[in-house]
Structures are given as C-alpha cells and as structure tokens.
Amino acid sequence: RGSNKARVDGRSAPVKSLDEAFFERAPVPLAVSRLSDGVILRVNRRLVEMTGTSDAEIIGRSAAEFYARSFDRDLLLRRLKEEGNVRDFEVEFRRDDETTFQASMSAELISVDGELCLYVSFEDITERKRAAEVLRESESRLKEEQQIARLGNWSWDLRSGTIDWSDEMYRIHAVTHEERENDVWEFLREQMHPDDLQSTMRLLQNAIENASSFENKARIVWPNGET
C-alpha cells in the first residue's frame, strides 16, 4: 500500500491506498464506502456471504441503509475523525429481508481513485451476543430463585485465594461486600457457630486435600449475635 495525506475536518491525516489483491482474498468481510456520501464502492466475497446478498445488490447503495440504528454510523464517523481509526465498534445491521445481525467493526480512512473512503472490516458476533444474553438471563433467574428460596452459592479459587459470593450469600450472612472477610478460615471463625466450627473446618480441609465434595449443616452467627 502507498500512503498520502488527507484533510479530515481541518486535520491532516495519513491515508493508505487500497490493496486490491488482499481485499479480494481477505478471510474477513470487507467494504469500502465513499466518506463524502457513504456510497458503497467495493465489497469482498466474505461480506457478500455475511449479508446473504450479491455484490451487485450492495455496491452503489448508501452504507446508511444497512444500519439498524442510523445514529451508529454518525457515531462511527465522529470517532473516526477524532481518533483516526476505530477498532471493535459494535453495530446492529439490517439485511434486505429485514433480518438483523450483530457485527464488530474496525475502520480506517483510505484513498481510492483519489477519493477519501472508509475501509471497514467486520466480524459477525451475533451468536456471541446471543450466548451472552442467554447467560445474563440465566444468571438473573438464578439470582431471583436464590432470593426466593434463601439459597446462596460461593466459590473459592485455591490458587489465587479469590472468593466469589452470590448476592444472596450476603443477605444470608447479613454482611456487606466491604464487611465480608476475604480469608475463608477467618470467615468461618467469625460467623460459624462455635459448636459447628471444628467439624465444618475438618470437612472443608478434607475436601481440599482429596478433591472431594461434602454436605454439611451448620449454624451461622449474624453480626448482631443472632443465630
């Protein structure tokens, strides 16, 4: 690629030229649109596959037509002019059949036939976003179910010593995030009923040493002294 200088909102910015050979054989979806009016000038095979249409149905149209939210393109252009390039910009796109997909975009300015253009690569993240949403919904349901049933869960990373509590654990033990003891053994000494402390600590130590599971019933003592 060669390079030259272009004026962007009164600023001088280095601009590369389009590498035609790479553009066609690139393993990721790519598109080139004119900066002045957003008209799409070139797309590669990968982008055609991602959109489920033909290059003839894309080239010559305004890129704005494919944004599910028109303000996303305005935000992309603003960031591009401020930063010179944009990485991992998440956008929802609309196909001609009205279905949508989520994509992560990276963009920079290039020169094509003497015109300043937007050079964009895409990654379809629809499934990743869908999986994240399913996980969020699952976690939300678990949180609600735990609150109703007064059940909590916690994890302890033995290598790092990190302890993670669910929200219901804090309610059960009547402590805040700031008040919680981060050392498991000290926490047991502070909140376990004295009559249940030693047996619980032995069970936990045995589980650690033998990588085994256990069940245990024990009383806790709240900060106000109630059991």
Side-chain angles (χ1 to χ4, degrees), residues 1-140:
R1 294 186 184 185
S3 64
N4 49 42
K5 295 277 185 177
R7 303 295 295 180
V8 183
D9 278 3
R11 295 164 51 227
S12 180
V15 177
K16 299 176 183 177
S17 300
L18 180 65
D19 184 334
E20 297 278 3
F22 173 79
F23 185 82
E24 292 302 327
R25 64 172 184 267
V28 297
L30 298 173
V32 175
S33 61
R34 201 157 46 219
L35 184 64
S36 59
D37 57 11
V39 169
I40 299 170
L41 304 178
R42 287 175 173 79
V43 295
N44 71 349
R45 178 175 55 85
R46 290 292 187 182
L47 188 131
V48 169
E49 293 171 354
M50 184 177 70
T51 57
T53 186
S54 67
D55 55 356
E57 294 173 298
I58 299 175
I59 293 173
R61 294 169 62 180
S62 171
E65 294 181 40
F66 297 95
Y67 285 79
R69 300 180 297 266
S70 58
F71 61 82
D72 278 336
R73 187 170 189 274
D74 296 334
L75 179 58
L76 173 68
L77 292 177
R78 185 160 61 248
R79 283 187 53 187
L80 184 67
K81 291 173 181 178
E82 290 173 353
E83 303 169 18
N85 61 68
V86 176
R87 296 288 179 266
D88 303 321
F89 183 76
E90 294 188 4
V91 178
E92 183 178 16
F93 286 101
R94 182 176 54 245
R95 299 184 179 92
D96 284 343
D97 62 4
E98 297 302 318
T99 61
T100 61
F101 65 95
Q102 300 283 336
S104 176
M105 301 169 58
S106 294
E108 62 180 317
L109 295 174
I110 65 168
S111 176
V112 177
D113 299 329
E115 291 188 287
L116 197 58
C117 296
L118 194 61
Y119 182 80
V120 182
S121 64
F122 302 83
E123 178 188 2
D124 190 334
I125 58 172
T126 305
E127 290 305 318
R128 186 200 307 169
K129 299 286 282 188
R130 186 175 293 126
E133 181 60 29
V134 168
L135 179 60
R136 278 193 296 270
E137 291 177 357
S138 176
E139 290 175 342
S140 178

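Just so it is clear, the values below take in all heavy atoms, side chains as well, and ignore hydrogens, waters and symmetry mates. Remember, predicted model here, so these are calculated numbers, not experimental data. Residues: numbered from 1 along the sequence shown.
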Quick one: are Leu77 and Leu35 in side-chain contact, heavy atoms under 4.5 Å? yes

Decide yes or no for Glu90 and Gln102: does some side-chain heavy atom of the first lie under 4.5 Å from some side-chain heavy atom of the second? no

Before you tell me yes or no, could you show the steps for Tyr119 and Val112 under side-chain contact (heavy atoms from CB on, under 4.5 Å), namely the whole-Å CA-CA distance, both residues' side-chain angles and the distance that decides it to 0.1 Å? CA-CA 10 Å; Tyr119 182 80; Val112 177; over 6 Å; no

Between atom CG of Asp37 and atom CD of Glu115, what is the distance when rounded to the nearest 0.5 Å? 8.0 Å

Nearest-0.5 Å distance, CZ of residue Arg79 to CG of residue Asn85: 9.5 Å

Report yes if some heavy atom in the side chain of Leu30 is under 4.5 Å from a heavy atom in the side chain of Ser121; otherwise report no. yes

Identify the two heavy atoms, one from Ala107 and one from Val120, that lie closest to each other, and give their separation to 0.1 Å. CB-CG2, 3.9 Å

Taking all atoms of both residues into account, what is the closest heavy-atom pair of Val48 and Thr53, and its distance? CG1-O, 2.6 Å

Which distance, rounded to the nearest 0.5 Å, do you find between the CD of Glu108 and the CG of Leu118? 9.0 Å

Can you list everything that forms a side chain to side chain contact (heavy atoms under 4.5 Å, CB included) with Arg46? Sequence neighbours excluded, please. Pro29, Asn44, Glu49

Salt bridge (Lys or Arg N to Asp or Glu O under 4.0 Å) pairs, two or more places apart, involving residues 93-102: Arg61-Asp96

Will you find, in the side chains of Ser62 and Glu65, an N or O donor that is under 3.5 Å from an N or O acceptor? no

Distance (rounded to the nearest 0.5 Å) between Glu92 CD and Ile125 CD1: 10.5 Å

Rounded to the nearest 0.5 Å, what separation is found between the CG atom of Leu109 and the NZ atom of Lys81? 9.0 Å

I want to check something: taking the side chain as every heavy atom from C-beta on, are Glu57 and Thr51 in contact at a cut-off of under 4.5 Å? no

Side-chain heavy-atom pair Ile110, Val32 within 4.5 angstrom cut-off: yes

Regarding Arg130 and Glu133, does a basic nitrogen lie under 4.0 Å from an acidic carboxylate oxygen? no

Do Arg128 and Glu123 sit within salt-bridge range, that is, some charged N less than 4.0 Å from a carboxylate O? yes

Here the gap from Arg73 atom CZ to Leu80 atom CG, rounded to the nearest 0.5 Å, amounts to 10.0 Å

Here the pair of heavy atoms bringing Gly38 nearest to Ser33 is O-CB, 3.7 Å

Is any side-chain heavy atom of Phe89 less than 4.5 Å from a side-chain heavy atom of Leu75? yes

Quick one: sort the Phe122 and Phe93 rings into parallel, tilted or perpendicular, breaks at 30° and 60°. perpendicular

Evaluate the side-chain proximity of Asp113 to Leu41: yes if any heavy-atom separation is below 4.5 Å, no if none is. no

